[in-house]
Every structure is written in C-alpha cells, then in structure tokens.
Amino acid sequence: MSDVESKSNFIWDAIDADIAAGKVKDKVITRFPPEPNAYLHIGHAKAIYIDFETARRYGGYTNLRMDDTNPLKEEQEYIDGIQEDVHWLGYQWENLTYASDVFDTMYELAEEMIKKDLAYVDDLSAEEIREYRGTLTEPGKESPFRTRTPEENMDLFRRMRDGEFKDGEKVLRAKIDMTSGNINMRDPVMYRIQHADHYRQGGKWCIYPMYDWAHGLEDSFEGVTHSLCTLEFEDHRPLYDWFLQQLPVHKPRQIEFSRLQITRTLLSKRFYIRLMKDQLISGWDDPRVPTIRGLRRRGYTPEAIKAFVEMIGISKSHSIIDSGMLEYCLREDLNRRSLRRMAVLKPVKLTITNYPEDQVEWFEGENNPEDPDGGSRKIPFCRDLYIEDEDFMIDPPKKFFRLGPGREIRLKHAYYVTCTDYTVGADGKVTEIFCTYDPDSRGGWSEDGRKVRGTSHWVSARHAVDAEVRNYSDLFKVEKPWENTEDFAAIMNENSLEVLEGVKIEPELAASAAGSVNGSIEGIFQFLRQGYYTVDLDSTPEKPVFNRTVGLKDSWAKEQKKG
RNA sequence: UGGGACGUCGCCAAGUGGUAAGGCACCGGGUUUUGGUCCCGGCAUGCGCAGGUUCGAAUCCUGCCGUCCCAGCCA
C-alpha cells in the first residue's frame, strides 16, 4: 500500500461507505472540470490531485472536462494550456470532454422539464428577477409568468432557441420554491439568451445552459460517481440533486472540500489578468505568480507540488496554509535531485600567493551528495579565484566560520587556504584577498587531521563564466493587494525582482545550463550555500540566466538577525 | 428563529466513547568537504465556551460564542 492508499480522509470514507452499500455499480469515476477561461494555478493542483488520486485509489478513472457553458469567456488557448499543465503534473485523463458537446442532450432534457411542468419561461428582466428573489432573510415571490402552461412554455423556449428574442428578454427557469431558505432553490435560471459565438460551437446556439443545470448533467452523462468540488458549492448540492432527481438519468454524488489558501498568496485568475494588463508581471508563466506554469518556471517540480497537496490534507475546515510548507516540499525534492554547482554571486578576488603562476589543476566534485550514482564533474583551479563577498570579514566574530585575516578555511573540493593579507578600497570595502595554500591538503583533506570548520565555494577567475541571477520576490508580499492597488503596484515595481549581474559560475554550470534552457527539471541547480536555481527562459549559452527558486536555511544569518 | 458549513498546539491535520498520531514552524544536541542534508530530543493534563449523560467524553446531549459561504441571465 502506498501512502496515498493508506491515508484516509472524509471523502474516501464516504466513497468506502458508498461501495460497502453497493451504490457504486462499476468503477469510481471522477472528473476535473475547469472552465477554460484562464490558466491553472496551484489551487487547481489541489483539485487535480484529489480528483485523480481518488479515482486511482479505487482503480477507476478521471475525465478532464472543459466546462465551457459561457461563450463570452472561453478560449482555445486556455484549453491547450490546461491540458499541458495537467500532463505536466503527471496525470492522464481517461476522456477529454466538453460541456458544449452535450448541449443538444441538455436541451432535450430541458424540454422534458417543461413537459413535466418543472420549468417555465420567464419574461422578467434581470433586475426584476433579482427583486423577486427576495433577500437572505426574506422569502422571494413568484413571477407572474410562473403559471404559464407547458404548451406555452414549450413554444416560447423553442423560439428562444431559434433566436426570436434578444439577450436578456427571456430565461428558462426551474419551478421549485420561491420561499426556500436556500436561495439557489428559488426558481434558478436554467438557460439564458446569449447571441454570441461559442469558440467551439460557433453560431449554433443563442441560448446557453447555466452552471447548475449543466454541471450535474455533465457528470451524469459521463457516468461520474463522485463529483468532487470546493466548499462554495455546498449550497448548490440540493439543486444539483433536485435536477437529477426529476430525470431518468445516472445520479452522481457531490462531495465538497475546502479550497486551497496560502499565506501571502492570492489565488485569483482575475487578479493575474489585471497584473498582466498593468504589466506588473510578464504573463501567465511569470515566476512571481503561483500559476502552474509560473511555478514551473520558478523551479517547482510536479513532485514537490503533489507532495505539498498530500501534506496539507483534505478537509472541510477553512484553512490558510503557511507558504513555508510549499517551500519545504520544494527544498525536500530539490535536495534529492538538483545538481550541486559552485557560483559566486558577489565576487571578491582571492589570490593564492604561493601557487604557481601558470598552473591549473582540475578537481573532481560530486554532482549530488545525496545521490551516490549522481556522478561528478571537473572543476578548474588556479592561482586567481573569486569567493563570495560575505565569506570574508576583516574582523570576524568568534562564531563566524569563514575567512578572515590569519584564518584557515577549506575551498570546497580543493585546498585549505590561510588568509595572509587583504586590500581595501576607498569605500572601505575589501577589494582583494591574499592567501597561501597548503599543498598537502589537496582535495580538501589533511593528513594531520586538523579541523577546519569553514568550507567556502569558489570559482576560478580564469575559467569562470559570467551569468545573471534573477531573484523574484515570494509570490505576493502584501496581504490584500486588491484593496490597495497603488501600494501593490509600487511593491511589485520596486521589490519584486532583484537582478544580479556579473555572477561568476563554474564552467560546468554554464555548460549544463546551456543544455537545459526552458526550465526543465534538468535545469535545476543548487549553488552551494546560496539556494536553488532554475534556468530561465531567457537564458542563452552565451549568457546563462537563473531564477532563484528557494533559499537554504542559514543559521549564521539567523544568528546575526538575533543580534 | 433565512439557509448551509466549519471551530483539536503559531500553521495544517489524525482521532468517530477508553484516557490527544503525524507534518510545517520553533527550541536544544550529534554527524557533516554546503552554517545544506541527515540523526536524536523538546514542543496541547487538554480538543471554541458553559452545563449535562457516563466508571470513563475531543468524540453523545443541551445552550451559547466565533469564523466562512449564499441574494450572476458567472463557474
């Protein structure tokens, strides 16, 4: 039994009960039903995980369904993008279906409803319908058109379909109960008139079904046994059941779970579209936005995202997950697979005064200490090096384990070096460091067993390649950006992207980055002590570009913060 | 007296009458050629509150309190 199979949650308990009660005749069938009006974000990843893993748990299958009942919003571009993203997450659907493919059957069943006097054509305007609906605390009242005969309704409905009326002139409504405490049951609209071309059906229809009428039928037609959705549809379940109850069709069961919320993160397609319009982000794959493709470009792996969804669990409580959990899942995954490379983000020159001027040595460095089969790469070493600016202090405190005057550290994979001197520029900044090396410490070991606490990464100045690092801010840094647009825009403009030019990287990193442009899994690296990076879309072999994915824990930085 | 849901550690989350799993975060310690990883230890006498039933309650009953969702011809 895998983890997924052994764990449980209230949804699987309910399905177990259904199976025990003999309610599931054949396979457990689920569906993931996005409306193709945007790209998917990490909130959808939770739904995808639940839909697909549930079906898999019971040996059933999942359909991918485009819930395209609104011709004003949907586009082919999104259909393609959604499929790519679901695939990227590692899931394969049984059938790709479209709500719009069953418009005919839905229409016929609507006529059935009219015959049974369970639906009527209403002439009230949108505003009047709203008034007649009542309020949360007051019951609604019945439309004067509610008593039309089935014959009259049938005639009117067919004329609606045939395009005789203008948008908004008439709607088809279910005849239920205008006094229900559940507002969804107060004669919900089933069809509205919309003289608009559908991206798939063209001009075939001018009436389009509403969600509540369409969704249960779509589930039913596909033989879905369990229709899993988010909490805001709880109120719709009585209506979902009511529609299906009136017709001789298969009856799926709707079960709701809480939707994903993450601290400091806004999961809203509407908001992403506005950010794009304001040119605060570059598109759906901008690394700052938590869309599936944004996360992918940022360096997130499908495995990390799925591990995250599994970790947070499935429940009905309104929870807001700490974004640290997502980052933890990424670090855990990347630690196993990322290639370790040396890079110097803010270089300071380091010269080894007792190393032969023209000598070059090639050291061997393992690709990943977590993976014994991960192989290794060659690293050039010479007299002229760069180390990280923050790895040297003129007057280091006791707990600083890195380089300082008179101190000895290990250059990873190379030699022990001791600082003998340094120069300072006019601004007080260290401009160059001078060291001597211990020839007996080749490879970073010494025979005498002397302890060297610090290990720094470095890069050969003669072999290093220049690169660029883009450090994107963590998703969103403001709590409620939609409430204060100016502040948000300012924050996005000023702080959301830090670009480091002149980063020095080891030749092997440049080589492997050049071979993995497009942010593929293979393009993920860990720059020692600096965190995880992924190759950016803008990267070229001549100028490698990396996106900062997630930082490492840094106990020295934490200690400094404490004071 | 509108309807529907939810309240277990800072954040998630198991638990379904037998005496509070686990993860993230945090705090100690060990290993370490990444101040990473890994390993060990600590972290709810209490489950929104108040009563009640019971030998025994987070789990059952009653009454409160708090939070979220619903008044699109969106999904």
Side-chain angles (χ1 to χ4, degrees), chain A residues 7-9 13 33-35 37 67-70 72-73 99 122 124-127 129-131 133-140 167-173 179-186 188-194 207-208 210-212 214-215 229-238 256 258 263 310-329 331-332 335-336 340 342 365-366 368-370 399-402 410-414 416 441 443-445 452-457 526-532 551-559:
Chain A
K7 278 193 174 181
S8 198
N9 59 61
D13 288 347
E35 182 185 14
N37 66 349
D67 206 3
D68 54 358
T69 57
N70 185 345
L72 267 22
K73 291 186 174 179
D122 198 343
L124 255 30
S125 70
E127 300 77 63
I129 285 179
R130 193 186 329 119
E131 285 161 24
R133 189 154 34 221
T135 68
L136 293 177
T137 52
E138 303 160 57
D167 288 4
E169 230 175 279
K170 286 179 168 44
V171 291
L172 183 72
R173 291 230 258 170
T179 66
S180 173
N182 182 344
I183 290 180
N184 293 305
M185 301 298 273
R186 319 237 262 231
V189 173
M190 294 166 66
Y191 274 93
R192 77 281 208 177
I193 299 171
Q194 196 78 258
I207 58 171
Y208 290 92
M210 297 289 291
Y211 168 86
D212 286 302
H215 204 87
C229 62
T230 45
L231 246 29
E232 64 268 31
F233 292 104
E234 251 169 342
D235 289 344
H236 293 250
R237 184 167 12 102
E256 311 85 9
S258 64
T263 55
E310 187 166 338
M311 174 186 273
I312 61 177
I314 304 166
S315 76
K316 295 187 73 148
S317 45
H318 305 272
S319 51
I320 302 177
I321 279 70
D322 191 318
S323 53
M325 283 205 206
L326 217 206
E327 290 168 1
Y328 168 83
C329 290
R331 274 199 300 270
E332 192 184 42
N335 183 50
R336 284 197 296 262
R340 309 305 152 91
M342 295 198 285
E366 79 276 319
N368 184 334
E370 309 297 318
K399 291 201 144 186
F400 184 79
F401 303 136
R402 308 175 195 181
R410 169 171 39 236
L411 295 178
K412 190 169 173 73
H413 297 128
Y416 289 176
S441 64
W445 282 109
V452 173
R453 181 68 203 259
T455 301
S456 280
H457 55 203
Q526 186 198 350
F527 298 176
L528 295 179
R529 195 149 69 208
Q530 298 286 355
Y532 297 92
L552 262 25
K553 289 182 181 175
D554 186 348
S555 56
W556 167 244
K558 200 160 69 180
E559 202 167 299

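Below, read A as the first sequence line, B as the second, and so on, with proteins coming before strands; counting in each chain starts at 1. As the structure is a prediction and not an experimental result, all values here were calculated from the model.
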N/O donor-acceptor pair under 3.5 Å between A/T455 side chain and A/R410 backbone: no

Counting the atoms with a prime plus P, OP1 and OP2 as sugar-phosphate, which does A/P238 contact under 4.0 Å by heavy atoms, base, sugar-phosphate, or nothing? nothing

Please walk me through it: do A/C229 and A/E256 pass side-chain contact (heavy atoms from CB on, under 4.5 Å)? CA-CA 5 Å; A/C229 62; A/E256 311 85 9; 3.9 Å; yes

Using distance alone, with no hydrogens and no angle criterion, decide if A/E370 and A/N368 have a side-chain donor and acceptor under 3.5 Å apart. no

List the steps and the verdict of side-chain contact (heavy atoms from CB on, under 4.5 Å) for A/E131 and A/L124. CA-CA 10 Å; A/E131 285 161 24; A/L124 255 30; over 6 Å; no

Looking only at atom P, what distance separates B/C65 and B/C38, rounded to whole Å? 48 Å

Using side chain to side chain donor-acceptor pair (under 3.5 Å) as the criterion, list what pairs up with A/S441, not counting sequence neighbours. none

Return yes if the base of B/G36 and the side-chain atoms of A/E370 contain a donor-acceptor N/O pair under 3.5 Å, otherwise no. yes

Can you tell me how far C1' in B/G7 sits from the matching atom in B/G46, rounded to whole Å? 16 Å

Considering all heavy atoms, the nearest A/K316-A/E234 contact: NZ-OE2, 2.8 Å

When A/A557 and A/D13 are each assigned the nearest nucleotide of RNA chain B, the 5'-most assignment goes to A/D13

Annotated structure of RNA chain B as dot-bracket, pair cut-off 3.5 Å, Watson-Crick or G-U only, | for inter-strand, is .(((((((.[[[..)..(...]]].(((((.......))))).....[[[[[..)....]]]]])))))).....

Does A/S319 offer a backbone N or O that forms a donor-acceptor pair with the side chain of A/S317 under 3.5 Å? no

Its contact letters, B for base, S for sugar-phosphate only and - for none at protein heavy atoms under 4.0 Å, make nucleotides 26-32 of chain B read -S----B

With 3.5 Å as the limit, what N/O pairs link the protein to nucleotides 40-42 of chain B?
none

Would you call A/R529 and A/R402 a side-chain contact if the rule is heavy atoms closer than 4.5 Å? yes

Residues passing the side chain to side chain donor-acceptor pair (under 3.5 Å) test with A/K399, sequence neighbours excluded, are none

Could you check whether A/F400 gets within reach of a base, just the sugar-phosphate, or nothing at all, counting any heavy atom under 4.0 Å? base

Any donor-acceptor pair under 3.5 Å linking the side chain of A/R192 with the backbone of A/G168? no

Non-neighbouring partners of A/D322 that pass side-chain contact (heavy atoms from CB on, under 4.5 Å), sequence neighbours left out: A/T263

Can you measure A/K399 atom NZ to B/G35 atom C1' for me and round it to whole angstrom units? 11 Å

Taking atom types as they are modelled, is there a donor-acceptor pair under 3.5 Å from the base of B/G36 to the side chain of A/R331? no

ring-ring contact (aromatic ring centres under 6.0 Å, His included) involving A/H457 - partner list, sequence neighbours excluded: none

Distance, rounded to the nearest Å, where A/L326 contributes CG and B/C24 contributes C1': 12 Å

Residues two or more places apart in sequence or in another chain: which of them pass side-chain contact (heavy atoms from CB on, under 4.5 Å) with A/R336? A/E332, A/D333

Which whole number of Å gives the distance between the P atom of B/G4 and that of B/U8? 22 Å

Return no unless some side-chain N or O of A/R410 is found under 4.0 Å from OP1 or OP2 of B/G35. no

Intermediate values then yes/no, side-chain contact (heavy atoms from CB on, under 4.5 Å), A/L552 and A/Q530: CA-CA 7 Å; A/L552 262 25; A/Q530 298 286 355; over 6 Å; no

Pairwise C1' distance, B/U54 and B/C64 [rounded to whole Å]: 23 Å

Using the C1' atoms only, state how far B/A25 lies from B/G17, rounded to an integer number of Å. 33 Å

Main-chain N/O of A/N182 paired with A/D235 side-chain donor or acceptor, under 3.5 Å: no

Please report the distance separating the P of B/C74 from the corresponding atom of B/C68, rounded so that it comes out in whole Å. 27 Å

Given atom CD of A/Q526 and atom P of B/G35, what is their separation to the nearest angstrom? 10 Å

Do the side chain of A/D235 and the base of B/G3 come within less than 3.5 angstrom through a donor-acceptor pair of N or O atoms? yes

Round to a whole Å and report the spacing from CG of A/N368 to P of B/C38. 12 Å

Using a 4.0 Å heavy-atom cut-off to protein, can you give one letter per nucleotide of nucleotides 6-14 of chain B, 5' to 3': B if the base is in contact, S if only the sugar-phosphate is, - if neither? S----BSSS

Would B/G72 be called syn or anti, given that syn covers angles within 90° of 0? syn

Determine the interatomic distance between P on B/C49 and the same-named atom on B/U59; round to the nearest Å. 11 Å

On RNA chain B, compare the nucleotides closest to A/R402 and A/E138; which residue's is nearer the 5' end? A/E138

Check side-chain contact (heavy atoms from CB on, under 4.5 Å) between A/K553 and all other residues, then give those that pass, not counting sequence neighbours. A/R331

C1' atom, B/C47 versus B/A21: distance in rounded Å? 14 Å

Pairing residues for A/D68 by the salt bridge (Lys or Arg N to Asp or Glu O under 4.0 Å) criterion, not counting sequence neighbours: none

Test A/I129 against A/R173 for side-chain contact (heavy atoms from CB on, under 4.5 Å), laying out the working first. CA-CA 11 Å; A/I129 285 179; A/R173 291 230 258 170; 4.1 Å; yes

Grab the N/O contacts between the protein and nucleotides 71-75 of chain B below 3.5 Å, and write none if there aren't any.
{"from": "B/A71", "atom 1": "O2'", "to": "A/R133", "atom 2": "NE", "distance (Å)": "3.2"}
{"from": "B/G72", "atom 1": "OP2", "to": "A/R133", "atom 2": "NH2", "distance (Å)": "3.2"}
{"from": "B/C73", "atom 1": "OP1", "to": "A/R133", "atom 2": "NH2", "distance (Å)": "3.3"}
{"from": "B/C73", "atom 1": "OP2", "to": "A/R133", "atom 2": "NH1", "distance (Å)": "3.2"}
{"from": "B/C73", "atom 1": "N3", "to": "A/G168", "atom 2": "O", "distance (Å)": "3.4"}
{"from": "B/C73", "atom 1": "N4", "to": "A/L124", "atom 2": "O", "distance (Å)": "3.0"}
{"from": "B/C73", "atom 1": "N4", "to": "A/A126", "atom 2": "N", "distance (Å)": "3.0"}
{"from": "B/C73", "atom 1": "N4", "to": "A/G168", "atom 2": "O", "distance (Å)": "3.0"}
{"from": "B/C74", "atom 1": "OP2", "to": "A/R192", "atom 2": "NE", "distance (Å)": "3.1"}
{"from": "B/C74", "atom 1": "OP2", "to": "A/R192", "atom 2": "NH2", "distance (Å)": "3.2"}
{"from": "B/C74", "atom 1": "O3'", "to": "A/R192", "atom 2": "NH2", "distance (Å)": "3.3"}
{"from": "B/C74", "atom 1": "O2'", "to": "A/N70", "atom 2": "ND2", "distance (Å)": "3.0"}
{"from": "B/C74", "atom 1": "O2'", "to": "A/K73", "atom 2": "NZ", "distance (Å)": "3.4"}
{"from": "B/A75", "atom 1": "OP1", "to": "A/T69", "atom 2": "OG1", "distance (Å)": "2.7"}
{"from": "B/A75", "atom 1": "OP1", "to": "A/R192", "atom 2": "NH1", "distance (Å)": "3.2"}
{"from": "B/A75", "atom 1": "OP1", "to": "A/R192", "atom 2": "NH2", "distance (Å)": "3.0"}
{"from": "B/A75", "atom 1": "OP2", "to": "A/Y211", "atom 2": "N", "distance (Å)": "2.9"}
{"from": "B/A75", "atom 1": "O3'", "to": "A/D67", "atom 2": "OD2", "distance (Å)": "2.7"}
{"from": "B/A75", "atom 1": "N6", "to": "A/H236", "atom 2": "NE2", "distance (Å)": "3.4"}

Under 4.0 Å between any heavy atoms, over every strand shown, what does A/E332 touch: base, sugar-phosphate, or nothing? Just pick one. nothing

